[in-house]
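Contents: one structure, followed by commentary.
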Amino acid sequence: MDDPNADTEWNDILRAKGILPPKEEQSKEAIEDMYVEALNARKQEEESLENKTLDELDELEDELEDDRIIMEYRYVHKRRAVKRILKRRKRMLEMQQQAEKDKYGEVTQISKPDFVKEVTEASKECYVVVHLFKDYIPACKLMNQHLAVLAKQFKSTKFLKIVSDQCVPNYPDRNVPTLLVYGEGDIKANIVGAIAFGGMNMTVSSVRKQLAQCGAVPPEKDQDQDGDKKKKTIYRSAATAALSSDEDEESDDDRGYY
């Protein structure tokens, strides 16, 4: 005959249906026995330590100390490993985000119909530098060379060029090279004439310095470190006025490019 007190699946079914009485909880005597057994084990351990010599106790202490050191080493090593993994993941994410921004790298020529899309709209996501130029003017050729170098260095900035009188009708040749800097969907700076960059002595560094002042590219290390705290200068000239006055002559489809 099956034991009604046995812990079986069949007995559980019978108990659920009320055929067998509920399983008895562990008796008070059994709990007391377990408690006494634990006390005896603790007493035996203490007696074992009392019977050990000083050398044996020192050896046991060294073993316990070694275990503690190993545990601490494992804990520190694990934390360092986690930090290295997190740092590596953060670096990979930063590289991925930078790669998404570094998508230009050259000076691209545009025409007036492209201006809104390539300049105004694009500047909502990145800085855009537009060179108003004429091919036959030496300073413009020099500027294009320097901008090509900067475009390769700062691929997250969009560098464009457009023939000056195609952008602004009757734009005076004496005003080129002119750099228009756009950011956040609006014009940030209008730098007119070669003299602002050093004339025919202009360098990549002198062009970069002007662009850095309006945030289009990072400043060089030897530039004023407090430059970011100062209010950025916005150059206004006849070019801006020409762009504004030209708007009145254009149809609605051609508006909004400056």
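The CG atom of N201 sits 9.0 Å away from the OG atom of S206 when rounded to the nearest 0.5 Å. To the nearest 0.5 angstrom, Y104 atom OH is 9.5 Å from T108 atom OG1. A distance of 10.5 Å separates NZ of K124 from CG of D186, quoted to the nearest 0.5 Å. Between the CZ atom in F197 and the CE atom in M143 there is a gap of 4.0 Å [rounded to 0.5 Å]. With rounding to the nearest 0.5 angstrom, the CD atom of Q109 is 5.0 Å from the NZ atom of K161.
Considering every non-hydrogen atom in both V119 and V128, the closest pair reads O-CG2, 3.9 Å. In terms of heavy atoms, S111 sits closest to I162 at C-CD1, 3.7 Å. Of all heavy-atom pairs spanning K188 and G183, the tightest one is CE-O, 3.2 Å. The heavy-atom pair separating D173 from I137 by the smallest distance is O-CD1, 3.7 Å. Considering all non-hydrogen atoms of both residues, K152 and G105 come closest at CG-O, 3.5 Å. For Q210 against I191, the heavy-atom pair with the smallest separation is CB-CD1, 3.9 Å.
Transitive grouping of hydrophobic side chains (ILVMFWY, heavy atoms separated by less than 4.5 Å) keeps L142 and I195 in distinct clusters. V176 and Y136 fall within a single hydrophobic cluster, where Ile, Leu, Val, Met, Phe, Trp and Tyr are joined by side-chain heavy atoms under 4.5 Å apart, directly or via other members.
Using a distance-only test at 3.5 Å, with no hydrogens or angles considered, no donor-acceptor pair links the side chain of S164 to the main chain of K134. Checked by atom type and distance alone, the side chain of T157 pairs as donor or acceptor with a backbone atom of A216 at under 3.5 Å. R208 contributes a side-chain N or O that, together with a main-chain N or O of P218, makes up a donor-acceptor pair within less than 3.5 Å. No donor-acceptor distance shorter than 3.5 angstrom exists from the side chain of S123 to the backbone of C126, with no hydrogens or angles considered. N144 contributes no side-chain N or O that, together with a main-chain N or O of K141, makes up a donor-acceptor pair within less than 3.5 Å. Panel note: side chain H146, backbone M202; a donor-acceptor pair is recorded below 3.5 Å.
A side-chain contact (heavy atoms from CB on, under 4.5 Å) with F154 is found for one member of V217, V149, V129 and no other, namely V217. A side-chain contact (heavy atoms from CB on, under 4.5 Å) with L132 is found for exactly one of V192, L180, D165, N190, namely L180.
No more than 12 heavy atoms of other residues, nucleotides or ligands sit less than 6.0 Å from atom CD of E184.
E220 and S205 share a donor-acceptor pair across their side chains, judged by distance under 3.5 Å alone. Of the N and O atoms on the side chains of T178 and Y171, at least one donor lies less than 3.5 Å from an acceptor on the other residue.
Grouped by direct or indirect side-chain proximity (heavy atoms under 4.5 Å, Ile/Leu/Val/Met/Phe/Trp/Tyr only), V163 sits with F133.
Put simply, the side chain of L150 does not reach to within 4.5 Å of the side chain of V107, judged on heavy atoms. Side-chain contact check for L160 versus H131: every heavy-atom pair is 4.5 Å or farther apart.
Contact check on E118 versus K158 returns a salt bridge, with a Lys/Arg side-chain nitrogen under 4.0 Å from an Asp/Glu carboxylate oxygen.
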